[in-house]
Amino acid sequence: MSRVILVTGAGGAAGQAVVRRFTDLGDTVIAVDRSGAHGCLALDLLDRPAVQGLANRIADEHGRVDGVVHLVGGWRGAPSFAETDLADWDFLHDALIRTLQHVSLAFEPLLRRSDNGRFVIVSARAAQRPSQRDAAYAAAKAAAEAWALAFADALQDTRSAAVILVVTALVHDAMRAAEPGRSFERHTDVNDLAVAITDLWDREPGAVNGRRIDLTPAGSAR
Ligand SMILES: NC(=O)c1ccc[n+]([C@@H]2O[C@H](COP(=O)([O-])OP(=O)(O)OC[C@H]3O[C@@H](n4cnc5c(N)ncnc54)[C@H](OP(=O)(O)O)[C@@H]3O)[C@@H](O)[C@H]2O)c1
């Protein structure tokens, strides 16, 4: 049976690869981003009533949700710890934490009811190994991970799972074309990320719930 999948932040390179993968597998995909680019539904995930409205609409139209893949990103850095601009924290809080809170709270009841549901975020190695140049980013990703783990705890007695996939950085074809000499050895290709996401349904929810799964290519510097 085809799955009903929501992809939030679907307009980025990772989002497009993930939407393509689910679509190729015959699933029903609802793709959302802020601007409505690349065939996505335009919706600001910082607008909590709008996110709740989306959950209600999907419940009415499809009767269920089998997966939510939350891919909203954003990055800010600083030359040094002392030069961190706390305006960057405000931006990252909204992009990486608040959108996640809105989406997970709105879709929790549907995932709780699913008989094989997954909730997925993509985190960064920086969350556990921050450098002085990415204090705000690493702290925001660490907070997003803690939120996802709390959601996993809430799903323990269900047939759904909340999972954290970890990358060092992502790469896609346009990046490779722009820098043909670069190896991108520590980067995870967005198409490999998409396969890793759909593969999560091949494992029992209890086997992946609350797991951090690192997708940094094997053999690259750890
Ligand atoms: N790229 C990397 O190297 C890297 C490294 C580690 C982790 N990750 C994580 O991997 C995931 C995918 O990364 P990415 O680089 O593909 O992400 P991205 O391009 O930074 O963001 C993806 C999408 O999020 C949408 N978005 C942002 N704010 C939104 C809002 N308020 N409401 C609705 N949509 C919103 C954007 O839509 P608009 O363009 O319309 O604003 C964009 O299409 C993210 O969670 C990111 O944190 C990425």
Side-chain angles (χ1 to χ4, degrees), residues 1-73 95 98-122 144 147-148 150-165 190-191 193-211 213:
M1 190 171 65
S2 90
R3 294 168 286 209
V4 177
I5 305 292
L6 172 68
V7 182
T8 44
Q16 291 174 62
V18 169
V19 169
R20 208 164 39 239
R21 169 81 180 158
F22 278 111
T23 305
D24 287 350
L25 293 174
D27 296 312
T28 299
V29 183
I30 300 114
V32 168
D33 84 350
R34 188 167 37 198
S35 58
H38 307 289
C40 293
L41 181 69
L43 191 140
D44 185 357
L45 298 167
L46 292 174
D47 179 345
R48 189 170 182 191
V51 178
Q52 187 57 56
L54 176 70
N56 297 346
R57 253 188 350 266
I58 292 176
D60 286 348
E61 284 172 27
H62 301 280
R64 67 181 211 281
V65 161
D66 303 301
V68 176
V69 183
H70 184 66
L71 295 173
V72 172
R98 190 44 62 93
T99 63
L100 167 65
Q101 292 172 327
H102 288 169
V103 171
S104 54
L105 289 169
F107 283 86
E108 189 263 359
L110 282 163
L111 286 168
R112 174 166 286 286
R113 283 209 299 276
S114 170
D115 57 13
N116 197 15
R118 303 287 182 277
F119 182 87
V120 187
I121 68 166
V122 180
W147 185 272
F151 193 14
D153 186 48
L155 293 174
Q156 264 197 76
D157 57 345
T158 73
R159 292 279 307 155
S160 284
V163 189
I164 300 165
L165 300 180
V190 291
N191 294 313
L193 172 70
V195 171
I197 289 172
T198 56
D199 280 357
L200 291 171
W201 275 260
D202 296 340
R203 301 169 68 181
E204 278 295 302
V208 289
N209 192 35
R211 291 271 317 276
I213 301 171

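- A pairwise comparison of heavy atoms in Val51 and Val103 identifies CG1-CA, 4.0 Å as the closest pair.
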Evaluate the criterion side-chain contact (heavy atoms from CB on, under 4.5 Å) for residue pair Thr99 and Thr8; output intermediate values, then yes/no. CA-CA 9 Å; Thr99 63; Thr8 44; over 6 Å; no

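- In this structure a side-chain-to-backbone donor-acceptor pair under 3.5 Å is missing from Asp27 to Val29.
- Side-chain contact between Leu200 and Ile213: present, with at least one pair of heavy atoms (C-beta onward) separated by less than 4.5 Å.
- Atoms SG and CD, on Cys40 and Gln16 in that order, are 7.5 Å from each other to the nearest 0.5 Å.
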Could you go through Asn191 and Arg20, starting from their C-alpha distance and side-chain angles, then the distance that decides it, and tell me whether this counts as side-chain contact (heavy atoms from CB on, under 4.5 Å)? CA-CA 9 Å; Asn191 294 313; Arg20 208 164 39 239; 3.3 Å; yes

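- At a threshold of 4.5 Å between non-hydrogen side-chain atoms, the residues Leu41 and Arg57 count as touching.
- With values rounded to the nearest 0.5 angstrom, Ser35 atom OG is found 11.5 Å from Leu43 atom CG.
- Shortest non-hydrogen contact noted between Arg118 and Val208 is NE-CG2, 4.1 Å.
- Rounding to the nearest 0.5 angstrom, the gap separating the CG atom in Asp47 from the CG atom in Leu54 is 11.0 Å.
- Taking the charged nitrogens against the carboxylate oxygens, Asp157 and Arg112 do have a contact shorter than 4.0 Å, which makes a salt bridge.
- Aromatic ring centres of Phe151 and Phe119: separated by under 6.0 Å.
- Exactly one residue among Val4, Ile5, Val7 makes a side-chain contact (heavy atoms from CB on, under 4.5 Å) with Ile30. That residue is Val4.
- For the pair Leu155 and Ala162, the tightest heavy-atom approach, listed with the atom from each and the gap, is CD1-N, 3.9 Å.
- Atom CG of residue Leu71 and atom CG of residue Leu100 lie 11.5 Å apart, to the nearest 0.5 angstrom.
- Note that the CG atom of Leu111 and the CG atom of Asn116 stand 11.0 Å from one another [nearest 0.5 Å].
- Nearest approach of Asp66 to Ser114, heavy atoms of both residues: OD1-OG, 4.0 Å.
- Contact detail for Ser2 and Gly26: the closest heavy-atom pair is CB-O, 3.1 Å.
- Atom CZ of Arg21 is separated from atom OG1 of Thr198 by 3.5 Å, given to the nearest 0.5 angstrom.
- With respect to Glu204 and Arg159, a salt bridge is recorded, a charged nitrogen being found less than 4.0 Å from a carboxylate O.
- Contact record, Ala95 with Gly73: CB-O, 3.8 Å, taken as the closest heavy-atom pair.
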Applying side-chain contact (heavy atoms from CB on, under 4.5 Å), run through Val19 and His38 and close with a yes or a no. CA-CA 10 Å; Val19 169; His38 307 289; over 6 Å; no

